[in-house]
Amino acid sequence: MMPSGPTHENPNAVLYSREFTNFLEHCCRQFDLVIIDSPPVLEVSDALILAPSVGGIVFVIDGKRTNRASARRAISALRQVNGRIIGGVLNRKPKGRYDYHIETLG
């Protein structure tokens with residue numbers, strides 16, 4: 001686990017930097033599995049910056065906060081940057097509601 005450290009005044013610059021790219025390449029050579037956690041897709045651009053550089057995306061939906069339209073917009077945004085969604089997780093599913101299915105979302 002690598003904590004994020006102090007907040008940077010321009011986090012996008014860090015994600016676009018050659019140093020970060022080198023760090024990710026190093027991690028991928030050293031470890032069998034590298035997991036990167038990012039903020040929600042529609043709140044900040046981090047996930048959209050990272051999406052094209054990762055092998056796959058596990059799309060996480062907060063069942064109590066995320067509506068279908070927002071989930072569809074997020075999936076569409078990830079696909080527009082060539083993000084490869086390989087699965088999904090539905091957290092905090094409200095009782096009595098139907099499950100989301102990524103295939104039906106977008």
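- Contact record, Val81 with Ala51: CG2-CB, 3.9 Å, taken as the closest heavy-atom pair.
- For Arg73 and Ser70, the side-chain atoms include at least one donor-acceptor pair closer than 3.5 Å.
- Interatomic distance, CZ of Arg72 versus OG1 of Thr66, reported as 13.0 Å (0.5 Å rounding).
- The CD1 atom of Ile75 sits 12.5 Å away from the CD atom of Gln80 when rounded to the nearest 0.5 Å.
- Ile35 and Phe23 sit in two unconnected hydrophobic clusters of ILVMFWY residues. Membership requires side-chain heavy atoms under 4.5 Å apart, directly or through other members.
- Atom CG in Leu78 sits 6.5 Å away from atom CZ in Phe59 (nearest 0.5 Å).
- When every heavy atom of Ala71 is checked against every heavy atom of Ile61, the shortest pair comes out as CB-CD1, 4.2 Å.
- In this structure, Ala47 and Ser38 approach most closely via the heavy-atom pair CB-OG, 3.3 Å.
- The shortest heavy-atom contact between Pro52 and Leu48 is CD-O, 3.3 Å.
- Hydrophobic cluster membership differs between Leu33 and Ile85, with clusters built from Ile, Leu, Val, Met, Phe, Trp and Tyr side chains linked at under 4.5 angstrom.
- Residues Val44 and Tyr16 fall into different hydrophobic clusters, defined by Ile, Leu, Val, Met, Phe, Trp and Tyr side chains chained together at heavy-atom separations under 4.5 Å.
- By the neighbour-count criterion of 12 heavy atoms within 6.0 Å, atom CG of Asp37 is sparsely surrounded, having that number or fewer from other residues, nucleotides or ligands.
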Open item on the list: Between Ile36 and Val54, does the side chain to side chain contact (heavy atoms under 4.5 Å, CB included) criterion hold? Intermediate values first, please.
Closed with: CA-CA 9 Å; Ile36 302 171; Val54 300; 4.1 Å; yes
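- Although no hydrogens or angles enter the test, the distance criterion places no donor-acceptor pair under 3.5 Å between the side chain of Arg92 and the main chain of Gly63.
- A distance of 8.5 Å separates CG of Leu90 from CG of Asp62, quoted to the nearest 0.5 Å.
- Of the possible polar contacts, one joining the Ser17 side chain to the Val14 backbone as a donor-acceptor pair under 3.5 Å is found.
- Interatomic distance, His26 NE2 to Glu19 CD, rounded to the nearest 0.5 Å: 14.5 Å.
- Looking at heavy atoms from C-beta onward, Ile57 lies out of side-chain contact with Ile86 at the 4.5 angstrom threshold.
- How far CG of Asn12 is from CD1 of Ile49: 3.5 Å, rounded to the nearest 0.5 Å.
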